[in-house]
**Q** 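Below you will find the structure I want to go over with you.
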Amino acid sequence: MTTEERLAQALRTIADRAENRDVLPGVMAKQRSLVRRRAKGALAAVCAATLGWGMLVAWPAAAPGVMDTVEPRRNAVERVWPQAVFTMPGHSRPLAAISATEVLVWAEPGALKVYDSRSKRSRLVATLGQAPQQLAVDRERVLWIADGHFWVVPLRPGGQARKVGPTLGKNIDRIALAGQDVVWSAPLDGVWRMGIDGGTLERVARSKGLQLVEWPWATDEPLDVRTNPTRVVNLQTGRTIEVRPAAGVEGLRCGPTWCTGTRGEHAIVQRSDGGWNQVHRGLRGYPYRDRFLTGSGEIYDARSNTTVSFEGAKLPSGETQWSTGGGVIFWTQADGVRVVNLAAVPQP
Amino acid sequence: MRPWKVEFEEFVRARSHALLRYGLVLTGNADDAADLVQEALLKLSSSWRRVRNKDDPEGYVRTIMARQHVSWWRRRRREHLTADIPSPVHDDEPELGEIWQRLRALPARQRAVLVLRYYEDLADEEIAARLGISQATVRSQVSRALATLRVRADALTGRWR
């Protein structure tokens with residue numbers, strides 16, 4: 001191997017270890033600081049980045065021009081979905097929902113654990129040097145990327161973490177478990193699979209140019225955030241749903257049934273087939289389990305057309321902050337970490 | 001919320017991890033990477049409506065990051081080579097650790113051209129455009145950086161050419 005090859009590999013390996021912080025609060029803080037500096041003609045402090053697990057979000061206490069929302073606590077998640085809310089010890093952070101009673105958590109100083117909200121006990125899954133940045137979980141296993149490789153560990157007690165194979169390409173941003181396979185995608189590069197027990201990798205049939213949404217669904221997600229996709233495809237059955245944007249809607253991001261996008265001044269939720277749309281505040285991105293959307297202190301269940309609110313953590317600045325993982329929304333409070341487990345919300 | 005802000009925030013959420021990865025190899029530590037990404041996104045937010053029409057906001061951000069990184073280094077000389085900065089290299093990876101230490105010891109512009117060539121896979125012409133320098137300068141910087149890495153590698157381990 002030449003030095004140049006070693007160098008390229010070293011850069012990719014190091015880059016893959018970059019912690020996924022949410023940088024938006026820091027950008028917003030810098031914007032506010034810039035405005036203050038301009039207004040007062042004086043230097044202002046620049047806030048540091050906010051560290052978090054998964055996606056960390058903050059929204060301002062009062063934001064003129066923001067669309068109306070559910071009144072605080074009017075439809076509190078504790079009242080509507082009481083079985084989905086619990087408080088866990090503060091030294092752990094949820095990473096993803098596993099079932100109605102179990103969530104995968106990261107416990108300091110370095111362990112993946114399964115926390116059972118019913119028994120209030122946790123069990124060790126694996127000991128790691130640092131929390132995984134890209135992770136997927138099903139009821140049997142956890143998958144993550146570290147050191148340029150996929151790793152899988154069974155959730156059952158005593159399971160051993162196993163290196164599956166090298167990740168090829170530096171832009172992998174969606175990974176999933178699909179039965180006995182690891183699947184992943186990168187922008188415009190299609191969906192690829194590799195057996196958990198090894199073997200060769202292959203591009204999943206019918207996936208060219210598609211990005212994973214939630215296995216087995218994938219979509220032709222455009223790079224331009226204003227552009228709409230044209231289809232959502234089931235890579236197991238070949239079933240294709242043509243995306244029909246509602247009039248004037250841009251930047252749709254669609255699961256098989258539901259999309260979010262923008263139209264003029266408004267954030268929009270619509271059916272992928274164009275059959276229905278509604279204005280919603282702050283809901284963006286792909287739905288979890290083709291059903292739930294989260295934003296601005298609210299969770300919207302598109303299947304039952306229900307919006308619930310959650311408290312979040314109140315910051316000294318007046319902002320409210322929360323974080324999300326796969327199917328979990330959480331924030332720190334005085335007695336621990338408050339968690340909403342969307343896998344515990346019953347079918348309507 | 002205005003639509004451009006929704007678009008901008010969606011872009012940030014979708015691409016921030018990729019930008020942090022790029023920032024880490026450019027700057028050498030996670031805190032500086034986050035700071036660099038935020039500064040670049042701040043500039044992008046003020047130019048969003050113009051940049052989005054060119055359909056390449058990420059290229060714009062990456063260009064800002066590369067130039068800002070070199071500029072910061074010149075102004076602040078804030079390279080952290082001390083052990084108190086958390087390292088992305090584990091203790092049981094001596095070979096990777098050696099490469100990383102040497103990369104971090106390079107002047108910012110030399111490291112930037114290596115990152116753009118070997119991490120971003122850009123051609124010299126694209127590297128020159130991104131950094132605002134000539135192609136000849138790109139080639140000379142790459143040559144010096146590679147020579148330094150090789151010389152230091154030889155001196156330290158006696159295994160590399």
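What you see is a predicted model; the values in this text were computed from it and never measured. Proteins get letters first, then strands, A, B, ... in listed order; numbering begins at 1 in each.
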**Q** Tell me, side chain or backbone of B:Glu58 under 4.5 Å from chain A's heavy atoms, or both, or neither?
**A** neither

**Q** For residues 131-138 of chain B, run the donor-acceptor check on the side chains, cut-off 3.5 Å, and write out each pair with its distance to 0.1 Å, sequence neighbours left out.
**A**
{"from": "B:Ser134", "atom 1": "OG", "to": "B:Thr137", "atom 2": "N", "distance (Å)": "3.0"}
{"from": "B:Ser134", "atom 1": "OG", "to": "B:Thr137", "atom 2": "OG1", "distance (Å)": "2.7"}

**Q** Say you draw a straight line from CD of B:Gln38 to CG of A:Leu24; how long is it, rounded to the nearest 0.5 Å?
**A** 9.0 Å

**Q** Return the minimal non-hydrogen interatomic distance between B:Tyr118 and A:Glu4, and the atom names on each side.
**A** OH-OE2, 2.6 Å

**Q** Using a 4.5 Å cut-off on heavy atoms from C-beta on, say whether the side chain of B:Leu96 contacts that of A:Thr13.
**A** yes

**Q** Between B:Val12 and A:Val27, is the side-chain contact (heavy atoms from CB on, under 4.5 Å) condition met? List the steps.
**A** CA-CA 10 Å; B:Val12 173; A:Val27 177; 5.5 Å; no

**Q** Give the member of B:Val115, B:Val25, B:Leu114, B:Val37 that has the highest number of heavy-atom pairs under 4.5 Å with chain A.
**A** B:Val25

**Q** Under the side-chain hydrogen bond (donor to acceptor under 3.5 Å, both in side chains) test, which residues partner A:Tyr288, sequence neighbours left out?
**A** none

**Q** Kindly give the heavy-atom pair with the smallest separation between A:Arg17 and B:Pro88, and that separation in Å.
**A** NH1-O, 2.7 Å

**Q** Could you state the interatomic distance from CZ (B:Arg21) to CG (A:Leu11), rounded to the nearest 0.5 Å?
**A** 13.5 Å

**Q** Measure B:Leu20 against the heavy atoms of chain A and call it side chain, backbone, both or neither at under 4.5 Å.
**A** both

**Q** Can you tell me how far OG1 of A:Thr260 sits from CD of B:Glu10, rounded to the nearest 0.5 angstrom?
**A** 6.5 Å

**Q** Please test B:Leu103 against A:Leu7 for side-chain contact (heavy atoms from CB on, under 4.5 Å), starting from the C-alpha separation and ending with a verdict.
**A** CA-CA 9 Å; B:Leu103 273 168; A:Leu7 181 59; 3.7 Å; yes

**Q** Taking every heavy-atom pair that is under 4.5 Å apart, which of B:Arg117, B:Arg15, B:Glu93 has the most such pairs with chain A?
**A** B:Glu93

